[in-house]
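I have placed the structure first, in the form of structure tokens, so that the comments after it can refer back to it.
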Amino acid sequence: MNKFKLGSILVFSGVGATVVVPPIVVAAVESTLTPIHDKSVYFKTPAIADTITVIDLSRFDEDRKEDEEDLKDDMNTTFQSLEGLIVQQKHRAEIFVKSGVGQRDRWLYDMQDKYHFHINVISNVEHVDGQQDIWDVLEQYKDLFQSQYIQYVKADAKAQPFTPNRENISINNATMVSACDHYLMVSDKLIERYKEKFDNIGITKYGDAPASAISTFTTYMDKTRESHLNSYMLLNQDPVDFALRDYAIAAKIPTICVGLLSDQQGASERELVASVMRPNAPMFGWSHGFDGSISHCGAEQDYLIWATTHKLNVLASDHCYNLSFYSYDKTDKVYKQHKQKKIKANPKKHYLAIVMSDGDNIQWMQNDFLTSEEYWGNQYRGDFPISWTISPTPIDLNNSILERLYATATDNDEIIAGPSGYSYINPAWYYQDHLMNDYNEFAKRTAGYMHDCDLSVINTLDFQNPDYPDKPTDPKCMTPFMQQDQVKGLVWSLDGLSLDGHGSVNWINNKPLLSFREGIWDNDELRQADILNRLKNVYPRDIHRIDGYTALVVNVWGPEGKMYKINEFVKQLPDDVELVTISQLLQLISDNVPHVDATPETYPIR
């Protein structure tokens with residue numbers, strides 16, 4: 001196995017003590033990944049037990065005093081670490097920890113229908129004669145963690161983001177220690193209240209979680225260790241979030257919070273983290289923006305630009321649960337959508353397509369997207385054509401989501417790849433000479449996922465380069481996607497409200513790259529009234545110019561982005577505005593508009 005060494009000893013100096021980081025030796029393509037197909041980049045649990053023990057913590061800590069903190073999340077973290085350790089060491093899923101949040105646990109029962117395992121629910125938090133309790137489960141498996149726990153300091157969830165109390169990343173460091181050295185994770189608060197319980201079942205303290213994120217990362221990324229972290233995935237997780245830790249432990253995923261590496265020293269440490277990851281490694285979690293040398297704290301733009309330019313792909317997933325269990329869910333089939341009928345252009349009509357945003361968010365898909373009356377579960381879905389952006393990655397991580405999505409889709413529901421392919425990148429920032437090989441590989445992998453999910457259109461999202469505010473983003477940045485046979489066209493969200501492309505069309509490899517011309521974003525009736533006015537009275541009925549076609553993006557998080565509001569909007573469209581799916585719109589443009597780059601004469605100015 002080829003190896004490379006990341007330089008010599010690195011010394012970071014800045015505010016506080018100097019940090020000396022030893023060199024790391026990792027495998028160039030090192031992985032314990034077992035892909036189900038050659039394009040998979042995710043860890044998949046190889047087997048599942050005949051009986052699944054479901055841990056229900058809804059009654060845990062009910063007897064606490066009125067002024068005491070609820071420690072359900074702490075115990076949830078402890079059982080998540082056990083869930084991951086079982087998968088890693090026994091190579092199969094045996095327990096499932098109920099999240100107690102929204103619809104996230106429903107997929108357990110979908111999987112039971114497919115794989116016919118028994119479910120044994122453990123909800124007793126105290127001993128009941130003849131019944132198993134949660135402490136019995138910990139005792140049952142204590143050999144897997146040497147009857148010892150690694151103790152972490154609980155971060156303060158009430159503190160403002162990135163304040164000193166919240167910056168305690170002890171839990172992330174404990175996650176990496178647990179993954180490699182095989183200890184149960186237990187918070188200091190849990191020990192304060194329940195130490196006697198742990199003592200009674202013979203589970204004792206190994207030690208405290210390390211204080212430094214970067215030293216923990218470098219120690220456990222060292223390939224010379226018998227048990228070490230992998231370099232093909234990364235978890236960027238807020239210290240107050242307990243989700244995803246089962247999967248991180250099962251797959252030995254490095255777990256950090258890059259937004260807390262925000263000063264000059266932290267920027268150098270981020271460079272180190274990114275440099276040891278495999279190109280196109282997916283980064284689970286979500287945006288924790290930067291300040292200091294990067295930009296202001298909390299900016300999605302800064303986070304995405306940093307990830308893309310360091311060859312990392314963002315997977316919005318910071319509240320995904322039980323992926324070490326769900327990732328067993330497998331399929332050998334290729335999904336099929338309802339076939340979109342070909343439309344013959346009517347010269348007396350203006351053509352409109354509506355695209356729902358934010359489909360890259362797999363935690364939304366895992367939770368209530370499919371059942372919410374605001375989205376897929378709405379009674380009006382199916383009454384009119386609409387295009388939904390999704391991430392195709394649940395085919396590897398929680399396949400039941402896609403099974404239910406495709407089974408309940410109507411003829412009017414089109415599914416397209418969300419930003420920006422199989423995960424979230426900024427193509428304009430990937431389109432650089434020194435990154436092109438990795439960008440091309442990302443595009444090829446995206447095409448593979450799109451094939452398996454029967455997707456032909458991608459919605460991509462880009463931010464303007466702040467160093468060149470007057471220089472427009474080059475449409476050629478989409479070339480790697482457009483070279484893929486699976487990709488028939490692209491719809492482009494550009495900058496702030498996704499509308500800085502002004503509805504223009506560019507032709508790449510003789511395929512249309514269409515930018516959004518209109519968008520529903522704010523709770524602003526006048527905004528919708530303005531859009532309707534332009535569709536009725538301003539935009540021409542002209543099938544031979546790009547002016548005759550409009551793509552509209554909907555911000556799904558805003559009050560106006562709910563399906564019942566979209567239904568009201570659609571009902572107000574005039575008869576000579578025909579609503580179509582985005583693939584139908586792109587086909588109409590391809591068939592009727594000259595293949596010359598063009599921008600409509602009229603578009604809204606934001």
Side-chain angles (χ1 to χ4, degrees), residues 35-37 39-44 103-104 107 233-236 243-244 247 280-287 300 303-304 307-308 312-321 323 326-327 329 331 334-335 337 355-370 372 375-376 387-406 409 413-427 430 442-462 481 484 486-487 490-491 493 498 553-554 556-557 582:
I36 57 168
H37 41 64
K39 56 195 168 296
S40 176
V41 294
Y42 301 102
F43 170 84
K44 293 205 46 89
Q103 300 289 319
R104 292 186 177 109
W107 310 111
M233 290 185 287
L234 182 65
L235 171 57
N236 172 40
L244 284 168
Y247 191 66
N280 288 314
M283 183 159 59
F284 289 80
W286 184 235
S287 171
E300 176 180 342
Y303 180 63
L304 264 292
T308 300
L312 298 170
N313 317 145
V314 172
L315 200 62
S317 54
D318 49 326
H319 295 291
C320 279
Y321 295 87
L323 289 188
Y326 288 135
S327 65
D329 197 8
T331 182
V334 174
Y335 284 100
Q337 294 198 58
V355 177
M356 301 295 275
S357 72
D358 285 79
D360 60 297
N361 193 324
I362 68 167
Q363 65 186 12
W364 181 34
M365 296 178 70
Q366 190 189 57
N367 190 12
D368 64 350
F369 167 74
L370 287 170
S372 171
Y375 305 114
W376 193 263
S387 299
W388 303 85
T389 56
I390 70 157
S391 168
T393 53
I395 200 169
D396 285 339
L397 296 172
N398 194 344
N399 184 54
S400 293
I401 294 173
L402 296 187
E403 288 184 339
R404 189 170 290 270
L405 179 76
Y406 282 76
D413 294 310
E414 180 185 33
I415 303 169
I416 68 173
S420 297
Y422 80 91
S423 56
Y424 190 8
I425 63 164
N426 287 159
Y430 221 169
F442 178 87
K444 291 177 184 176
R445 188 174 292 161
T446 289
Y449 275 98
M450 290 177 66
H451 171 269
D452 288 357
C453 294
D454 195 24
L455 312 178
S456 61
V457 176
I458 308 175
N459 169 217
T460 62
L461 191 153
D462 266 306
F481 288 122
Q484 308 304 315
Q486 186 67 28
V487 178
L490 269 137
V491 58
S493 303
S498 301
V553 62
V554 175
V556 297
W557 308 126
I582 192 64

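Keep in mind that this is a model prediction, so the values were computed, not measured.
The main-chain N or O of A447 is never found under 3.5 Å from a side-chain atom of Q486 such that the two would form a donor-acceptor pair. Looking at T389, its side chain does come within 3.5 Å of a backbone N or O of G359 through a donor-acceptor pair. Listed for the T308 side chain is no donor-acceptor partner under 3.5 Å among the backbone atoms of Y430. Distance alone, capped at 3.5 Å, places no donor-acceptor pair between the S423 side chain and the N313 backbone. When atom types are taken as modelled, the side chain of Y375 and the backbone of V556 share a donor-acceptor pair closer than 3.5 angstrom. Between the side chain of S317 and the main chain of G285, a donor-acceptor pair closer than 3.5 Å is present.
Under the 4.5 Å side-chain criterion, counting only non-hydrogen atoms from C-beta, F369 is not in contact with I401. The shortest distance between side-chain heavy atoms of L455 and Q337 falls below 4.5 Å. Considering only heavy atoms from C-beta on, S327 stays 4.5 Å or farther from Y42 through its side chain. The shortest side-chain heavy-atom distance between Q366 and L397 does not fall under the 4.5 Å cut-off.
Between W557 and W364, the distance from one ring center to the other falls under 6.0 angstrom.
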Working note: H319 + N367, criterion side chain to side chain contact (heavy atoms under 4.5 Å, CB included); need CA distance, chi angles, decisive distance, verdict. CA-CA 9 Å; H319 295 291; N367 190 12; over 6 Å; no
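With hydrogens and angles left out, the side-chain atoms of Y303 and N236 include a donor and acceptor closer than 3.5 Å. Using modelled atom types, one finds a donor on one side chain and an acceptor on the other under 3.5 Å when comparing Y335 with N399. Side-chain contact of S400 with D329: a donor-acceptor pair under 3.5 Å is present, judged by distance alone. No hydrogens or angles considered: a donor-acceptor pair under 3.5 Å links the side chains of S493 and N459. There is no side-chain donor-acceptor pair under 3.5 Å between N280 and Y422.
Ring pair Y424/W286 is parallel by interplanar angle, where below 30° counts as parallel and above 60° as perpendicular.
Taking every heavy atom of both residues into account, I458 and G421 meet most closely at CG2-N, 3.7 Å.
The line from CD1 of I425 to CE of M283 is 12.5 Å long, rounded to the nearest 0.5 Å.
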